[in-house]
Amino acid sequence: IFSIVVFGSIVNECYVNKDGPELLCIFNENESACSYGIAVGLIAFFGCIFFFVVDLYFQQISSVKDRKRAVLLDLGFSGFLSFLWFVAFCFLTNQWQRTTMTKAVSVGADAARAAITFSFFSIIVWVALAGRALQRYRLGTDMSLFATDQFPAEPGTAYPGYPAGSGIESTETYQSPPFSETSEANPKGYQVPAY
């Protein structure tokens, strides 16, 4: 939602006519400031849609490696966008401080302040998302996210199987059916196999 506010307010109200028919960016008449804010907003918006779909289908991803890649991609993207939003906030704030207030600029001043404010809020949100992705990555094996405990570590090793016992079987491993009235050690007709 924050990305929609940022690029929407820049596109709708941060371009003004100053002296002629040409539209100028109100951030110190620097076209790069408006373009950067719009670009980061659009990247964040489409990234949010993509990772929302990935989260919806995450439980249906059967490959452990693909799940790990999805979480790492989420972590990397969230960290990268945190950085981009930080740069956007600093860049837009710097250009807004250098802007001389005129009548044309004052028309879009609220939109410019909204873009700056929501770019700051976006930093906090994307840092939180990166932290959540990092937590999800760290807790992945405990919550069977990657479920690698039952598989061998290397392709050449055998499946671990059941834990080894003493190697000697006793006759005590076989039990008589419950609620039977016979209390004999060896019921009629049953003989202990000799190994």
Side-chain angles (χ1 to χ4, degrees), residues 1-18 22-61 64-143 145-146:
I1 294 176
F2 293 165
S3 62
I4 294 172
V5 171
V6 172
F7 79 79
S9 62
I10 292 174
V11 166
N12 286 332
E13 296 185 30
C14 287
Y15 285 99
V16 294
N17 294 338
K18 200 163 192 180
E22 184 179 333
L23 291 176
L24 297 173
C25 179
I26 63 172
F27 289 100
N28 198 26
E29 296 182 13
N30 187 351
E31 181 61 33
S32 298
C34 287
S35 297
Y36 186 79
I38 293 169
V40 173
L42 287 174
I43 290 169
F45 177 72
F46 288 120
C48 284
I49 291 173
F50 173 76
F51 284 107
F52 180 71
V53 172
V54 168
D55 282 345
L56 287 177
Y57 291 107
F58 188 77
Q59 294 299 327
Q60 296 174 358
I61 299 173
V64 173
K65 290 181 181 179
D66 290 341
R67 283 185 175 202
K68 186 176 181 180
R69 285 184 191 125
V71 172
L72 286 175
L73 183 66
D74 186 16
L75 176 63
F77 186 77
S78 298
F80 181 64
L81 267 203
S82 300
F83 173 73
L84 289 181
W85 279 118
F86 177 75
V87 171
F89 171 72
C90 293
F91 188 37
L92 292 176
T93 303
N94 184 358
Q95 292 303 309
W96 184 247
Q97 288 174 345
R98 295 180 179 186
T99 303
T100 56
M101 280 304 222
T102 62
K103 187 175 182 180
V105 170
S106 64
V107 170
D110 289 337
R113 289 186 199 105
I116 292 169
T117 303
F118 281 95
S119 63
F120 176 74
F121 292 150
S122 295
I123 297 168
I124 297 168
V125 169
W126 283 100
V127 166
L129 288 173
R132 179 71 178 122
L134 181 63
Q135 180 185 21
R136 191 175 188 186
Y137 177 74
R138 286 183 179 167
L139 295 176
T141 54
D142 295 338
M143 299 173 68
L145 179 66
F146 304 126

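Every heavy atom of this structure was used, including side-chain atoms; hydrogens, water molecules and symmetry mates were not.
The CG atom of Asn28 sits 8.5 Å away from the CG atom of Asn94 when rounded to the nearest 0.5 Å. Annotation: the span from Gln95 atom CD to Asn30 atom CG amounts to 4.5 Å, rounded to 0.5 Å. One finds the OG atom of Ser82 at 10.5 Å from the CZ atom of Phe80 (value rounded to the nearest 0.5 Å). Rounding to the nearest 0.5 Å places OG of Ser122 at 9.0 Å from CG of Leu81. Rounding to the nearest 0.5 Å gives a distance of 12.5 Å between CG of Leu134 and CG of Leu129.
The aromatic rings of Phe7 and Phe45 sit perpendicular to each other, their planes meeting at more than 60°, with 30° as the lower class boundary. Phe2 and Phe121 have tilted rings, their planes meeting at an angle from 30° to 60° on a 0 to 90° scale.
Side chains of Cys90 and Phe120 form no contact here, defined as non-hydrogen atoms less than 4.5 Å apart. Ile43 is listed as a side-chain neighbour of Phe77, based on a closest heavy-atom distance under 4.5 Å. Between Thr100 and Val105 the shortest side-chain heavy-atom distance does not fall below 4.5 Å. Within the 4.5 Å cutoff, no side-chain heavy atoms of Val71 are placed close to those of Leu75. A 4.5 Å side-chain heavy-atom check between Tyr36 and Val87 finds at least one atom pair inside the cut-off. Contact of the Gln59 side chain with the Arg67 side chain is registered, since non-hydrogen atoms from C-beta on lie closer than 4.5 Å.
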Decide salt bridge (charged side-chain N to carboxylate O under 4.0 Å, His left out) for Arg136 and Asp55; before the verdict, give the C-alpha distance in whole Å, the side-chain angles of both, and the deciding distance to 0.1 Å.
CA-CA 12 Å; Arg136 191 175 188 186; Asp55 282 345; 3.2 Å; yes

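The backbone N or O of Lys103 lies less than 3.5 Å from a partner atom in the side chain of Ser106, making a donor-acceptor pair.
When only modelled atom types and interatomic distance are considered, Gln135 and Arg138 share no side-chain donor-acceptor pair under 3.5 Å.
Between Phe83 and Phe86, the ring center distance fails the sub-6.0 Å criterion.
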